[in-house]
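Contents: one structure, followed by commentary.
Lettering follows sequence order; numbering is per chain, from 1. Note that the structure is predicted; figures quoted are calculated from it, not measured.
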Number of protein chains: 2
Amino acid sequence: MQYAIIDRPNLADTVADAIREMIVDGRLADGERINEVQISAQLGVSRTPLREALNRLTADGSLFAKPRHGYFVSPLTADEFVQVYDLRPILDPAALRLAGPPRPAQLDKLEALNKKLDALQKPERVVACDDEWHRELLAHCPNRVLLDMIESMIRRTRRYELALMRERKRVLNAADTHRQIMTALRRGDLDRACAALERNMREGREPILEWLAARTKNGGTKKDAAA
Amino acid sequence: MQYAIIDRPNLADTVADAIREMIVDGRLADGERINEVQISAQLGVSRTPLREALNRLTADGSLFAKPRHGYFVSPLTADEFVQVYDLRPILDPAALRLAGPPRPAQLDKLEALNKKLDALQKPERVVACDDEWHRELLAHCPNRVLLDMIESMIRRTRRYELALMRERKRVLNAADTHRQIMTALRRGDLDRACAALERNMREGREPILEWLAARTKNGGTKKDAAA
DNA sequence: AGTTAGAAAACTGTATGCAGTATGCAATAA
DNA sequence: TTATTGCATACTGCATACAGTTTTCTAACT
């Protein structure tokens, strides 16, 4: 049997990534309706792979669909954010416990990522690096399903984090808490590591909540998603 | 603005349900490749809505896709089952804690469902009723995202539970553990309720694992899913 | 018999067309 | 001026057609 060396992705995969980009960087605004004809023309593909992509983005919560009305960019709401973000203090420590004691090489990688995190300035880079740090922290957790779940939570909150950091800069200062986690891990003190991890999550949460509260008082979203 | 009174689902939704059925009741076997032309003809729809449905089923793990080769029914593996099932002792108690103290009406409903569960015979009914009981238990959890996650875990393990119960009958005897949970809840003893809930999950796990182990020794799946 | 090359068939990925539904606008009535 | 009805337009849902790829079949060759 011949193995497929490269699994060249389908058009729909590429399109999905493109749309995700458009959402996180604001080219498709919060609450906006997706015009299939327009977007497909803009991307130079037909509606078929576009719709396949929209479908996937709906599955991961980036969009929602109203039958016969179309797809809409999910609005940023404090509700959704809180619910998603509150899960990570449950999921991440669970994954950390399952991962077992950290390997030295892993701790080195974490250290390096954390240094980088401290130095970075651009919001996209900061968020990406922070996410990378957390992925590395949990990399050896044997439960792939749990890791997938965490990954999807990360994707789902990225829009919020980016949106905030574009307005106020450098709010996220996770490097210190990360260091506490690493110290605890080095000592083999899993409980303390988990506690620090939970603190880390909570710290990321508050400034975004404040921003969301201030935001809805002024502008609000483009179109409310009445069910 | 005119509200949509009825949200008549799209064809793809209906098709997705149909395929899910075909998977859980074995008409589409474990590991089998989906022939789009054949299935779409069989269901009397075109490939377009069928593919949309397949896409959704891929998102929830019922199927997986190999680009340019097609969609395949995800095989039943002990690995996947363990990983999914092990998450519920993490997720369900968390949701239960968030739900707050139970309302009397809710306890009545749980009691009724549990009675029904004891009486039922047909595997489909037993599993559905057990799932319903758990949904009711967590119904008042305010974190919808968490509930969605649990729901997807339920869907993902249903195939395993059904497959087992069709061979050996009446292995699942959850009613007693359910009662322990309810008793603890009535007393307001959340810790004990959560402990019992965890036990409940573990009890469901073991017989299926044994069955899976015995199964792979004999038959195995139709086609292995080499990456 | 077993292997390999090539052609044919089958199937997936993508584009396009058409029908039915929603939406916005203009004309009419109050 | 405001509300309402009818119509034109735009868009989504679905079907179908086509192109490129994979799989299967066949047959020659070792």
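- Between Leu43(A) atom CG and dA15(C) atom P the separation is 11 Å, expressed in whole Å.
- With Asp130(B) as reference, His178(B) is the one residue of Arg135(B), His178(B), Arg125(B), Arg158(B) to meet the side-chain hydrogen bond (donor to acceptor under 3.5 Å, both in side chains) rule.
- Mapping Val45(B) and Arg33(B) onto DNA chain D via the closest heavy atom, the residue that lands nearer the 5' end is Val45(B).
- Taking 4.0 angstrom as the limit, Ser46(B) places a side-chain polar atom (N or O) nearer than this to OP1 or OP2 of dA15(D).
- Summarising the geometry, the separation between CZ on Arg8(B) and P on dG13(D) is reported as 11 Å, rounded to the nearest angstrom.
- Nucleotide dA10(D) holds its P atom 15 Å from the CZ atom of Arg47(A), rounded to whole Å.
- Whole-Å rounding puts the Lys66(B) NZ to dT22(D) C1' distance at 12 Å.
- Following rounding to the nearest Å, Asn10(B) (CG) and dG20(C) (C1') show an atom-to-atom distance of 12 Å.
- Under 4.0 Å is where a charged nitrogen must lie from a carboxylate oxygen, and between Asp86(A) and Arg205(A) at least one such pair does.
- Under 4.0 angstrom from either OP1 or OP2 of dG13(D) there lies at least one side-chain N or O belonging to Arg51(A).
- Regarding Gln38(A), its CD atom lies at a distance of 8 Å from the P atom of dC11(D), rounded to whole Å.
- Residue Asn35(A) has a polar side-chain atom (N or O) positioned under 4.0 Å from OP1 or OP2 of dC11(D).
- Between the side chains of Glu80(B) and Tyr160(B), at least one donor N or O sits under 3.5 Å from an acceptor N or O.
- Taking a cutoff of 4.0 Å between a charged side-chain nitrogen and a carboxylate oxygen, Asp60(B) and Arg20(B) qualify as a salt bridge.
- We find that OH of Tyr71(A) is positioned 10 Å from C1' of dG13(D), with the value rounded to whole Å.
- In this entry the distance linking CG of Leu50(B) with C1' of dT12(C) reads 12 Å, nearest Å.
- When each of Pro67(A) and Leu11(A) is assigned the nucleotide of DNA chain C with its nearest heavy atom, Leu11(A) is the one assigned upstream, toward the 5' end.
- Between dT23(C) and His69(A), a contact under 4.0 Å exists linking OP1 or OP2 to a side-chain N or O.
- Asp79(A) and Thr77(A) are not linked by any side-chain donor-acceptor pair at a separation below 3.5 angstrom, with hydrogens and angles left out of the test.
- Backbone-only contact: Ile34(B) has heavy atoms under 4.0 Å from sugar-phosphate atoms and none from a base.
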